[in-house]
*Asks:* 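This is the structure I want to talk about, given as structure tokens.
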Number of protein chains: 2
Amino acid sequence: MNEQIPKPTEAELEILQVLWQHGPSTVRFINDKLSEQREVGYTTTLKLMQIMLEKGILVRNTDSKIHVYRAAVGESDTQQQLLDKFVEATFRGAAMKMVMQALGNHKTSPAELDEIKALIDKIEKEQK
Amino acid sequence: MNEQIPKPTEAELEILQVLWQHGPSTVRFINDKLSEQREVGYTTTLKLMQIMLEKGILVRNTDSKIHVYRAAVGESDTQQQLLDKFVEATFRGAAMKMVMQALGNHKTSPAELDEIKALIDKIEKEQK
DNA sequence: AATTAATTACGAAAAACTTCGTAGCACAAA
DNA sequence: TTTGTGCTACGAAGTTTTTCGTAATTAATT
């Protein structure tokens with residue numbers, strides 16, 4: 001079956017976010033993006049990405065001297081995996097409590113609320 | 001203002017969960033509870049709780065020789081704090097995307113769905 | 001060709017987090 | 001009293017994660 005890829009660390013997740021958002025990228029590009037938010041050395045980013053490569057979280061193309069990395073894990077899959085663990089650790093598995101808290105505290109646009117309503121309707125129909 | 005208490009680590013969060021669930025407890029009690037889920041040494045738990053005390057995450061009563069610890073941080077407050085960071089790190093701040101993913105993947109009871117609907121209605125009314 | 005600039009590789013230090021062993025103390029049991 | 005049990009304190013080791021410095025290589029520039 002599928003090789004078990006480890007849960008990314010926080011720093012690794014930042015790199016994945018850039019890759020998911022912008023597609024395959026060089027270390028330079030990723031480091032530039034990360035640097036917009038916080039100070040981070042080039043070799044620090046490089047080393048992290050090499051580690052992620054070893055773990056199977058990233059793959060890379062080495063045709064050129066300038067390697068191009070891309071995520072080997074899907075965004076939604078990873079988010080789901082992290083979400084499950086988060087709900088378990090933080091809300092003792094009570095996903096609905098978390099949803100309520102997220103809804104209650106966030107300024108949600110009418111369009112988004114409608115989306116959620118539609119989703120709920122869909123789920124309710126399936127349960128009948 | 002409020003002293004800034006650091007975000008609990010994973011191991012610390014496990015201890016907080018026991019305290020939130022059962023109220024003020026001894027190290028022995030907490031360690032027993034944690035041991036139900038995974039092997040963990042007594043002094044390991046003790047040390048962690050002493051560190052949490054230093055950080056201000058816990059407080060304790062030392063009237064008796066057997067110290068009684070309790071959480072110095074509220075469950076909902078902490079959950080909210082962790083939720084905000086999680087949404088930011090994992091969903092780039094897209095709380096609604098997370099909610100949809102949580103709803104979509106969880107077997108949600110009709111009662112729970114109704115609760116969410118009610119909450120949405122309430123939010124929509126407030127926005128008018 | 002020589003110099004400069006940008007890149008990868010990689011060991012190792014630094015920092016953060018977790019686990020453990022031992023000492024010391026208090027109280028109960030023998 | 002002596003022994004045993006259970007607790008706290010705490011340094012330190014172990015592990016994981018993050019950061020950094022240096023060397024080597026390649027490509028571009030002069």
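Computed over heavy atoms, backbone and side chain alike; hydrogens, waters and symmetry mates excluded. Letters A, B, ... mirror the listed sequences (proteins, then strands); counts begin at 1.
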*Asks:* Salt-bridge test for B/K33 and B/E36: reply yes if a basic N is under 4.0 Å from a carboxylate O, no otherwise.
*Replies:* yes
*Asks:* Check nucleotides 25-30 of chain D for protein N or O atoms closer than 3.5 Å to its own N or O atoms and list the pairs.
*Replies:*
none

*Asks:* How long is the line joining CG of B/N31 and C1' of D/dG6, in whole Å?
*Replies:* 13 Å
*Asks:* Measure CG/B/D63 against P/D/dC7 and give the value in whole Å, please.
*Replies:* 18 Å
*Asks:* Between A/T9 and D/dT16, is there a contact of a side-chain N or O with OP1 or OP2 at under 4.0 Å?
*Replies:* no
*Asks:* Could A/E10 and B/K7 be called an ion pair, given the rule that one side-chain N must be under 4.0 Å from one carboxylate O?
*Replies:* yes
*Asks:* Assess whether atom CZ of A/R92 is packed by more than 12 heavy atoms of other residues, nucleotides or ligands within 6.0 Å.
*Replies:* yes
*Asks:* Looking at A/V59 and A/A72, what are the two nearest heavy atoms and their distance?
*Replies:* CG1-CB, 4.0 Å
*Asks:* Under 3.5 Å, which N/O atoms of the protein pair with N/O atoms of nucleotides 11-13 of chain C?
*Replies:*
from, atom 1, to, atom 2, distance (Å)
C/dG11, N7, A/K47, NZ, 3.4

*Asks:* Quickly work out the B/L58 CG to D/dT8 P distance and round it to whole Å.
*Replies:* 13 Å
*Asks:* Is it the case that one hydrophobic cluster holds both B/I123 and B/M96, taking links as side-chain heavy atoms less than 4.5 Å apart, direct or via other members?
*Replies:* yes
*Asks:* Measure CG/B/L48 against P/D/dT8 and give the value in whole Å, please.
*Replies:* 14 Å
*Asks:* CD of B/E54 versus P of D/dA9: gap in Å, rounded?
*Replies:* 11 Å
*Asks:* Would one find a side-chain N or O of B/R28 under 4.0 angstrom from OP1 or OP2 of D/dC7?
*Replies:* yes
*Asks:* Base, sugar-phosphate alone, or nothing: which one does B/E12 contact when heavy atoms must sit under 4.0 Å apart?
*Replies:* nothing
*Asks:* Hey, is B/R38 close enough to B/E14 for a salt bridge, meaning N to O under 4.0 Å?
*Replies:* yes
*Asks:* Has the side chain of A/Q17 got a donor or acceptor atom that lies under 3.5 Å from a matching backbone atom of B/T90?
*Replies:* yes
*Asks:* Which residues within residues 34-44 of chain A lie with some heavy atom under 4.0 Å of an atom in DNA chain C?
*Replies:* A/Y42, A/T43
*Asks:* Would you name the heavy atoms of B/L48 and B/A11 that are closest together and state the gap between them?
*Replies:* CD1-CB, 3.7 Å
*Asks:* Output yes when a side-chain donor or acceptor of A/S76 lies under 3.5 Å from a complementary backbone atom of A/G74, and no otherwise.
*Replies:* no
*Asks:* Can you check the A/Y69 OH to C/dT7 C1' distance for me, whole Å?
*Replies:* 10 Å
*Asks:* Using side-chain hydrogen bond (donor to acceptor under 3.5 Å, both in side chains) as the criterion, point out the one residue from B/D84, B/T78, B/D77 that pairs with B/Q80.
*Replies:* B/D84
*Asks:* Answer yes when A/E124 and B/K117 have at least one side-chain N-carboxylate O distance shorter than 4.0 Å, and no when they do not.
*Replies:* yes
*Asks:* Using whole Å, report how far CD of A/Q50 lies from P of C/dT8.
*Replies:* 8 Å
*Asks:* Produce the list of close N/O pairs, under 3.5 Å, pairing protein atoms with atoms of nucleotides 28-30 of chain C; give distances to one decimal.
*Replies:*
none

*Asks:* Rounded to whole Å, how long is the line connecting atom CG of B/L46 with atom P of D/dG6?
*Replies:* 16 Å
*Asks:* With B/F86, which residues qualify under ring pair (Phe, Tyr, Trp, His ring centres under 6.0 Å), at least two apart?
*Replies:* A/F86
*Asks:* Checking contacts here: which listed nucleotide (D/dT18, C/dA9, C/dT18) is nearest the side-chain heavy atoms of A/I51?
*Replies:* D/dT18
*Asks:* Could I get the full list of salt bridge (Lys or Arg N to Asp or Glu O under 4.0 Å) partners for A/K65, not counting sequence neighbours?
*Replies:* none
*Asks:* Does this structure show an ion pair linking A/K47 with A/E12, if we count only N-O contacts that are shorter than 4.0 Å?
*Replies:* no
